[in-house]
Student: 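Once you've had a glance at the structure underneath, I'll fire off some questions.
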Amino acid sequence: MTDLFGIPISALLGQLLLGLVNGSFYAMLSLGLAVIFGMLNIINFAHGALYMMGAFLAWMGLEYLGLNYWMMLLLAPLVVGVLGILIERLMLQWLYKLDHIYGLLLTFGITLVMEGVFRSFYGVSGQQYQVPEALQGATNLGFMVLPNYRAWVVVASITVCLGVWALIEKTTLGATLRAGTENPKLVQAFGINVPRMITLTYAGGVALAAFAGVLAAPILQVSALMGSNLIIVVFAVVVIGGMGSILGSILTGLGLGIIEGLTKVFYPEASSTVVFVVMAIVLLVRPAGLFGKEK
Amino acid sequence: QISGDTVKIGFITDMSSVYADIDGAGGVEAIKMAIADMKGMAGGKKIELIFADHQNKADVAASKAREWIDTQGVDMLIGGTNSGANLAMAKIAAEKKRPFMVIGAGSARLTNEDCTPYTIHYAYDTVALANGTGSAVTKGGGKSWFFLTADYAFGASLQSDTATVVGKTGGQVLGSVKHPLNANDFSSFLLQAQGSKAQVLGLANAGGDTINAIKAANEFGITKTMKLAGLLMFINDIHSLGLKTTEGMYLTDSWYWNQSPEAREWSRRFFEKMKRMPSSLQAADYSAAMHYLKAVDAIKTDDADKVIGKMKDTPINDFYVKGSIRKEDGRGIHDMFLLQVKSPKESTEPWDYFKVVTRIPGDDAFTKLADSKCPLVKK
Amino acid sequence: MSELILETRGLSKDFKGFTAVDGVDLRVQRGAIHALIGPNGAGKTTCFNLLTKFLEPTRGSIHFNGVDITGEKPAEIARRGVIRSFQISAVFPHLTVLENVRIGLQRFTGTSFHFWKGLTGLKQLDARVLALLELVDLRDMAALKAGDLPYGRKRALEIATTMAMEPTLMLLDEPTQGMGHEDVDRVTALIKRVAEGRTVLMVEHNMKVVSKIADRITVLARGAVLAEGDYAEVSKHPAVLEAYMGSEAAELQGAH
Amino acid sequence: MTAALEISNLHAWYGESHILHGINLSVQKGQVLTLLGRNGAGRTTTLRAIMGLTGARKGSIKVHGVETIAMATHRIAHLGLGYCPEERGIFASLTTEENLHLPPRLSGGRATPMSDEQIYQMFPNLAERRHSPGTRLSGGEQQMLAVARILRTGADILLLDEISEGLAPVIVQTLARMITALKAQGFTIVMVEQNFRFAAPLADHFIVVEHGEVVESFSAAELPAKQAKLDELLSV
Amino acid sequence: MTALASSSKTPLNPVYGYALLFGAIALLPALGVYPIFVMKVLCFALFACAFNLLVGFTGLLSFGHAAFLGTAAYGAGHALKVWGFSAPLGLVFGALAAGVVGLGIGLLAIKRTGIYFSMITLALSQMLYFFFLQASFTGGEDGLQSVPRGSFFGLDLGNDLTLFYVVLAIFIGAFWLIYRTVHSPFGQVLTSIRENEPRAISLGYDVDRFKLLAFVLSATLAGLAGATKTLVLGFATLTDAVWTTSGLVILMTLVGGMGTLVGPMVGALIIISLENKIGDLGKVLADLTGINWFNGLGESVSLVTGLIFIVCVLAFRRGVVGEAIALWDKARAKA
Ligand SMILES: Nc1ncnc2c1ncn2[C@@H]1O[C@H](COP(=O)(O)OP(=O)(O)OP(=O)(O)O)[C@@H](O)[C@H]1O
Ligand SMILES: Nc1ncnc2c1ncn2[C@@H]1O[C@H](COP(=O)(O)OP(=O)(O)OP(=O)(O)O)[C@@H](O)[C@H]1O
Ligand SMILES: [Mg+2]
Ligand SMILES: [Mg+2]
């Protein structure tokens, strides 16, 4: 067997694949952030908390209502989307005229409240959520045994990411959204209800986070704090990718998952910092990020 | 002569964060049970309990402790989970001369490098856990080990303590991988562990990390080829993971609710109130409070030095443990248990999770006086 | 020194495949009031942004006093004495009128990084500040917050602050925009006054102002220079009439 | 009969600059009104104020008799207004066709919306370039696209800001024919024009704006009589 | 800025006001207020004032200020405990260490503005947090414990009261420096940059260098707060460096009033008291309303903090002191 720096190539392939799984989460979350940022010019700090909420909804659906994974994969994003509508209508919409900083601070406050609520009801050690029947078991790929569920995560999230990308880049709705980011006033002058479009965009963005949350529930422990560490990494992903393009956020998310995976093999101690190191380097070379546009 | 005419116990623990289930509100309830069992009086005076959440922040814990002693006249402190918080509290208790009974924190430093005349490390420590799990599992045939270690001081000491024991009992450490604290994904580390072909996977981490690692180990089928040994786990972790996931795992603890009739009896009372079975820490909270209150009751004073003397002189003998507190360094010495998680089929009732595999005598479990790094121990 | 204070050669700026400024050769005579006019979106403001390096030119070079300053940073260019005003009013609203102007003067004291010093050192500048405010009829308002001034007065304050920099070349972007008649006249007179001994390059839509004070006019259209000359020449130039002033105006003029 | 558009005492601001100082005008259904004036006089601002795109507005704007001064922009549009901005507002991230399809059908529009075929017939250039990004079009094509875009929506009042600007004479002639055709179909049109030659034969009514106020108002019939006055007002 | 601007018009010299304030603080222990609590508040007040120097007077919202608090806390702790530095030297060392880290982060972050700036500072400080978590000298999760207080120019700091006056003196000194900075030629330029950056550039100021100096100053002073805190409490822990602490200092400044000099002090007092007393408040509320849930309020600090954040951002952006000044200005405008 061939080695690379003392690690068998086959093991390396396995690690790359696992990196891709994590990258799928980064991609989905940073995609949601990018969509929201594009339309609302708000960095949605609450993204991590809404992701957590998605996972919790999956668990609650099963626990209290007996709704299975597949139902919740649909329902949780809907519920969180409605919550997003409320957040946008009741709070965010008053902040657009102000400095963007206030949006960041408000959503930070929302994060604290949501985490606090879930923590006070469910504690922190977390709830257990089983992998759905259909996806249990693992497949032997030769170089590694890949649990079917992880394969599903990659497939599902890449599908969703590409779907969102296609929706935004290829449809009338997407065209309206893109136009709205370019020149919201003119779009409104054409009779399109831009405020409502903004609300729905926010709802859609956070629904993506909830979807990621449901996907994560069977892999991770469902707990109140599951989003708060992730969100900062996703921020770094966003800074590295540059807030410009939808495709950029997807690619950067996947790419960083893989880089992180490789770090876990060669220098595991640095695996939690590598994203930030990459960020520092990218900022030095390209202050606007890899796919971002200057100013 | 009881200061302030009340015997005031201060309990500081994690009530809202990762360790809240293991101790937290249940710990408060356990101490209240002890007070109730004393009829609310010790040495002829009223007993009072105040408690606070340190949110796993050492600074909050220490400030609370200091403030309580300075302004509330607290006579004794019970420290819940989190070693950092407890080390900080130990400093304050020693400075202010108050008995400090550590229950939930595992760091062996509390009775080694950082020992004080006022610290009593009552329930367990990482050395005991390492000795229990490390030696018992190795003796039981798990000769080759691989460690999955949280990358910070505590994880490193758990690993090195256990590795030493494994080596002594004829086992072999094949390797280890460090993971960041609160890692969100363990699959990559587990793949590396699997690559080592070791028989035992030692989990030198805690809380959420342990839980997530076990989940992933199941998912990747690693539990089929390796035995899992949790180096710092409690019954609540098993409860939240479920037996299906944890079946066959080894862990060491100071107590299990189903280990004896008296333990069962107390646990039922606890269950009435909390709707869950007690962890070893909650039982220890009760036991420690009781031990202290009985000492105060016996000598009719809450003077710190005298009460500590009395506590160290009196053997502990209750449903929790039979043992004593070592005079020199304040280490509580009692038996520990190597437990194995039952399979779902073996479990006959809720919370029936463990088989007791071995009883480890206290003298073998805890650091020997000869090996102690406590400056108070004269060699 | 040469007659030309500012010269650009082939100055261009592309935005994503769209050329906003296209090979402009601008030549500003020392001591002149030079107006830059042209239809909306002709690239006038963009030109200003290039000259002061708020934007990076895509092609071409900028020469100031014969020195190539194309590679310099905005602050460096400002320190050479090329000071601009903005199309949208640019004062420091929470500072007083006096402080606004003093910020300009302060740079010359070399104490701007001294965070441990009090403001007493700056007080000595106040006399000069007041003199400048006198010039723009703002002396009485010295203690007011700049944000509380009426719009026209803000533009005057901006000019005073610009003056404080002892500019050799002032770039004014639509100094009379959004003003009432009397303010326009006032500011026109003011520009005329302050232009003594220095050079002014201004963007202006108000032809009354331009015809009154501009010595020379460059007309931009679609990013390129369409015509250049004094007012009489430019206002007769057919291409200018076509692109900017309206060809029918000429027709009408010819009609009577 | 209510006017299609009736404005009285309209004031408007951009931030702190007070631009419109009490505009009064009214347009009957099926008429073409042209706003004349010098650069910066406030004509564009008048159109933008009708759409609710300026800063603060005061006064009264009635569209088909409905007061819109307090309405949100998109609601105003749905009363049947189509706006073609001076800067054209072609979206760079959209293709020509996407740009064309962007404005939705207006609920209150009274005109028959044009089909794509009709539009492409009117502007063959656009059909050719339907899949290229909007801002890759030439200036003239962009102008066509900006006009074409509002014909699909069913808007019956068109606000056209300098649509002839920067276009080759042939295209200007096309536009002139188009406006005549639209007028024949009953469209109400408000135009801002610099190009008097273009506007003169099309308009039923003229208004001259100066410093945010209406200084002259006369019908096409009065045009010859007003020529001298106009000359003075518009001269440079 | 507004604080000074408005008070400078009144005949009363603001210096008297501050003297009165600090005099009152100096008397607190004599009135039976717990000195350690006051010292803790003072440390956080200094932290918030330092942060405010950046956000309130320069317009840069750093979401990574915990990095400086943490760096200095560990730096000073290590210097005092392991290298045996004297207290003053330890403090200076801690503050300087934070300043150096501030220079590094500042160089990377200053190129971007607005939310980008916030996100970059947040991410970089999180990187530093992981470093502290893993580095051996910090004691990881356990923290750096039992840092000796030692003596300060001959004064024995073991005594709480002595330490209190030393801390108060440090605070006054640092506050004076901030006051000075705000009202210095440098401060004038900072204000102009915050109010209209392009205009400041066009006046010939190299704004990046001004921002960087402000950033480093703010980091150093935040460091001083962290070092002093270590001295007072005797330990440095990861709490000092974690990102939620950065959030906390933003909250303090927001609640007190961004861009006012005393605002952050008031904010720190409110938030620290809340953290300490919210459990009691919950019990009172539970007794009053009979709703048992309130008893658990003590465990829900973050929930309450979050609510305050939301309320402040939506309805109370000027903060306590800011609103007070606005009221005062209004009243005077009427008079
Ligand atoms: N940052 C930019 N990105 C893309 N296009 C730009 C940018 N800045 C300006 N433009 C475009 O460049 C052209 C010239 O703009 P500029 O502001 O220079 O016009 P102007 O001559 O000053 O017009 P006005 O008289 O209306 O102020 C316009 O079409 C404008 O839309
Ligand atoms: N966004 C804006 N902010 C501030 N002032 C503006 C803005 N847009 C236009 N103005 C000013 O408002 C005044 C009127 O402008 P408007 O665009 O309505 O003129 P116009 O008559 O259409 O002339 P033209 O289009 O030929 O330049 C001008 O002085 C212009 O500079
Ligand atoms: Mg311009
Ligand atoms: Mg116009």
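Every chain is numbered from 1, with letters handed out A, B, ... down the list of sequences. Below, all heavy atoms of this structure are taken into account, side chains as well, without hydrogens, waters or symmetry copies. Small disclaimer: the values here were computed from a predicted structure and weren't measured.
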Student: Relative to chain C, which segment of Leu217(E) carries a heavy atom at a distance below 4.5 Å: side chain, backbone, both, or neither?
Tutor: side chain
Student: Mark yes or no for whether Arg79(C), through its side chain, and Gly204(E), through its backbone, hold a donor-acceptor pair below 3.5 Å.
Tutor: yes
Student: With a 4.5 angstrom heavy-atom cut-off, could you sort out which part of Arg80(C) is near chain E: side chain, backbone, both or neither?
Tutor: neither
Student: List the atom of Leu203(E), the atom of Ala78(C), and the distance in Å for their closest heavy-atom pair.
Tutor: C-CB, 4.1 Å
Student: For the residue pair Phe92(C) and Glu195(E), what are the closest heavy atoms and their distance?
Tutor: C-OE1, 2.9 Å
Student: Taking CZ in Arg209(E) as the centre, count heavy atoms belonging to other residues, nucleotides or ligands within less than 6.0 Å. Is the count above 12?
Tutor: no
Student: Return yes if some donor-acceptor pair links the side-chain N/O of Glu99(C) with the main-chain N/O of Gln188(E) below 3.5 Å, else return no.
Tutor: no
Student: Identify which one of Thr161(C), Ile103(C), Val91(C), Asn100(C) satisfies the side-chain contact (heavy atoms from CB on, under 4.5 Å) criterion when paired with Arg199(E).
Tutor: Thr161(C)
Student: Ignoring hydrogens, what is the shortest heavy-atom contact between Gln106(C) and Phe186(E)? Give both atom names and the distance.
Tutor: NE2-N, 4.2 Å
Student: Decide side-chain contact (heavy atoms from CB on, under 4.5 Å) for His94(C) and Thr191(E); before the verdict, give the C-alpha distance in whole Å, the side-chain angles of both, and the deciding distance to 0.1 Å.
Tutor: CA-CA 9 Å; His94(C) 287 98; Thr191(E) 312; 5.7 Å; no
Student: Hey, could you give me the CG/CD distance between Asn196(E) and Glu158(C), rounded to the nearest 0.5 Å?
Tutor: 8.5 Å
Student: Quick one: what part of Leu213(E) sits under 4.5 Å from any heavy atom of chain C, side chain, backbone, both or neither?
Tutor: side chain
Student: Just wondering, are more than 12 heavy atoms of other shown residues or ligands nearer than 6.0 Å to CZ in Arg27(C)?
Tutor: no
Student: With only heavy atoms counted, which part of Lys73(C) is less than 4.5 Å from chain E, the side chain, the backbone, both or neither?
Tutor: side chain
